[in-house]
Amino acid sequence: MNSLNRHLSALRDAGQPALGLFVTNGFPDPAGTADVLDACADAGADFVELGMPFSDPLAEGLPIQRAAARALGHGVRMADAFRTAEAFAGRHPGVPLVLMGYVNPVLRYGVAAFCRDAAAAGVSGLILPDLPPSEGDLLDADAAAAGLGMTYLVAPNTPEARVRAVDARSTGFVYAVSSPGLTGGSLDSSGAITDYLDRSRALVSNPLLVGFGIRTPADAARLAPHADGVIVGSALIEHVEALWSDASHDASSRRAAVADWVRALKTGVSSGASVTGAVPS
């Protein structure tokens with residue numbers, strides 16, 4: 001069991017659903033990324049996802065597309081993600097950092113070298129949405145050798161047999177996409193999502209975390225009882241985008257505003273956990 005799986009499994013066993021936050025490396029600018037990550041960790045994030053900016057982010061809606069374009073415009077490259085991760089791990093050794101991105105830049109970097117350098121930088125796991133489990137042999141062995149947890153995705157239309165196969169491949173957690181489509185949308189108000197999460201959770205042995213479309217503490221509270229954690233990305237990106245475009249804020253007030261926003265999400269996650277009788281974090 002790698003450190004990411006161990007961390008999330010311990011939270012699950014304690015009845016504490018995890019809160020994961022996503023931010024693109026180099027967004028809102030190279031210095032600002034560290035401020036956002038630190039605010040997330042200080043406000044109670046259980047892990048963070050650091051996006052590796054790519055010119056063709058297949059799964060992303062407009063907020064994360066804009067963040068990636070902005071980061072690339074700052075000249076951010078793969079090696080910069082490792083430097084960001086290493087610095088974050090030094091400041092927050094108890095908060096796992098997961099790299100999320102797309103497989104082409106990893107292949108170009110070299111799979112073995114990428115996994116080695118990621119692990120050396122303190123990275124705990126990888127999420128590559130365009131790498132299907134059937135192609136996992138491209139990375140799984142090198143990731144395991146480096147102690148990195150691999151996460152694969154399921155969706156509401158994933159057949160039961162494939163959910164089990166995804167779970168068998170995953171060594172970090174299973175990522176449950178709330179609905180087919182891109183990041184940055186909104187949640188279906190019907191019970192279909194929670195039914196899907198309950199079905200999927202019964203099929204997997206890894207922690208099951210849900211993302212895509214979670215924007216508010218109420219969203220987090222609604223889904224937390226049906227998963228082992230929630231992940232928020234686009235809504236954080238939009239919040240950061242607004243803060244950094246407002247000249248009335250300085251660096252300190254921006255960090256404080258991000259931390260307050262994350263604390264509200266954490267409260268939502270905890271209140272959702274308490275509905276099922278679990279111990280709030």
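Values below: all heavy atoms of this structure, side chains included; hydrogens, waters and symmetry mates excluded.
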> Can you check side-chain contact (heavy atoms from CB on, under 4.5 Å) on Met52 and Leu128, steps first, answer last?
Replying inline: CA-CA 10 Å; Met52 299 175 286; Leu128 302 171; 4.1 Å; yes
Could you pull out the closest heavy-atom pair between [X] and [Y], with the gap in Å?
| X | Y | value |
| --- | --- | --- |
| Ala68 | Pro53 | O-CB, 3.9 Å |
| Arg169 | Gly136 | NH1-C, 3.7 Å |
| Met78 | Tyr109 | CG-CD1, 3.7 Å |
| Pro96 | Leu4 | CB-CD1, 4.1 Å |
| Arg199 | Pro156 | NH2-O, 4.2 Å |
| Pro129 | Leu153 | CA-CD1, 4.1 Å |

Rounded distance [0.5 Å steps], [atom1] in [X] versus [atom2] in [Y]:
| X | Y | atom1 | atom2 | answer |
| --- | --- | --- | --- | --- |
| Gln16 | Ser270 | CD | OG | 8.0 Å |
| Gln65 | Ser55 | CD | OG | 11.0 Å |
| Lys266 | Ser271 | NZ | OG | 11.5 Å |
| Arg162 | Tyr152 | CZ | OH | 10.5 Å |
| Leu62 | Arg66 | CG | CZ | 6.0 Å |
| Phe22 | Leu236 | CZ | CG | 9.5 Å |

Just checking, any donor-acceptor pair under 3.5 angstrom between side chains of [X] and [Y]?
| X | Y | result |
| --- | --- | --- |
| Asp46 | His7 | no |
| His74 | Asp29 | no |
| Asp246 | Ser248 | yes |

Is any side-chain heavy atom of [X] closer than 4.5 Å to a side-chain heavy atom of [Y]?
| X | Y | value |
| --- | --- | --- |
| Asn2 | Leu148 | no |
| Thr216 | Asp219 | yes |
| Glu86 | Val123 | no |
| Val240 | Pro28 | yes |
| Leu131 | Glu135 | yes |
| Arg70 | Glu241 | yes |
| Val232 | Trp261 | yes |
| Phe27 | Ile237 | yes |

Report, one line per pair, each donor and acceptor closer than 3.5 Å where one atom sits in a side chain of residues 202-214; sequence neighbours left out.
| from | atom 1 | to | atom 2 | distance (Å) |
| --- | --- | --- | --- | --- |
| Ser205 | OG | Asp167 | OD2 | 3.1 |
| Asn206 | OD1 | Asn5 | ND2 | 2.9 |
| Asn206 | ND2 | Asp167 | O | 2.9 |
| Asn206 | ND2 | Asp167 | OD1 | 2.7 |
| Asn206 | ND2 | Ser170 | O | 3.1 |

> Knowing that exactly one of Leu50, Leu37, Val230, Leu265 qualifies, which makes a side-chain contact (heavy atoms from CB on, under 4.5 Å) with Leu21?
Replying inline: Leu265
> Is there a donor-acceptor contact under 3.5 Å from the side chain of Thr151 to the main chain of Tyr175?
Replying inline: no
> Has the side chain of Thr171 got a donor or acceptor atom that lies under 3.5 Å from a matching backbone atom of Met150?
Replying inline: yes
Salt bridge check, [Y] against [X]: does any charged N sit closer than 4.0 Å to a carboxylate O?
| X | Y | result |
| --- | --- | --- |
| Asp35 | Arg254 | no |
| Arg201 | Asp228 | yes |
| Asp80 | Arg83 | yes |

>> Is there a side-chain contact (heavy atoms from CB on, under 4.5 Å) between Glu49 and Ile127? Walk through the geometry before answering.
In response: CA-CA 9 Å; Glu49 294 179 9; Ile127 306 171; 3.5 Å; yes
> Among the clusters formed by ILVMFWY side chains lying less than 4.5 Å apart, do Val98 and Val111 turn up in the same one?
Replying inline: yes
>> Are Phe54 and Val76 linked, directly or through intermediate hydrophobic residues, by side-chain heavy-atom contacts shorter than 4.5 Å (ILVMFWY only)?
In response: no
>> Under 6.0 Å between ring centres: does that hold for Phe173 and Phe47?
In response: yes
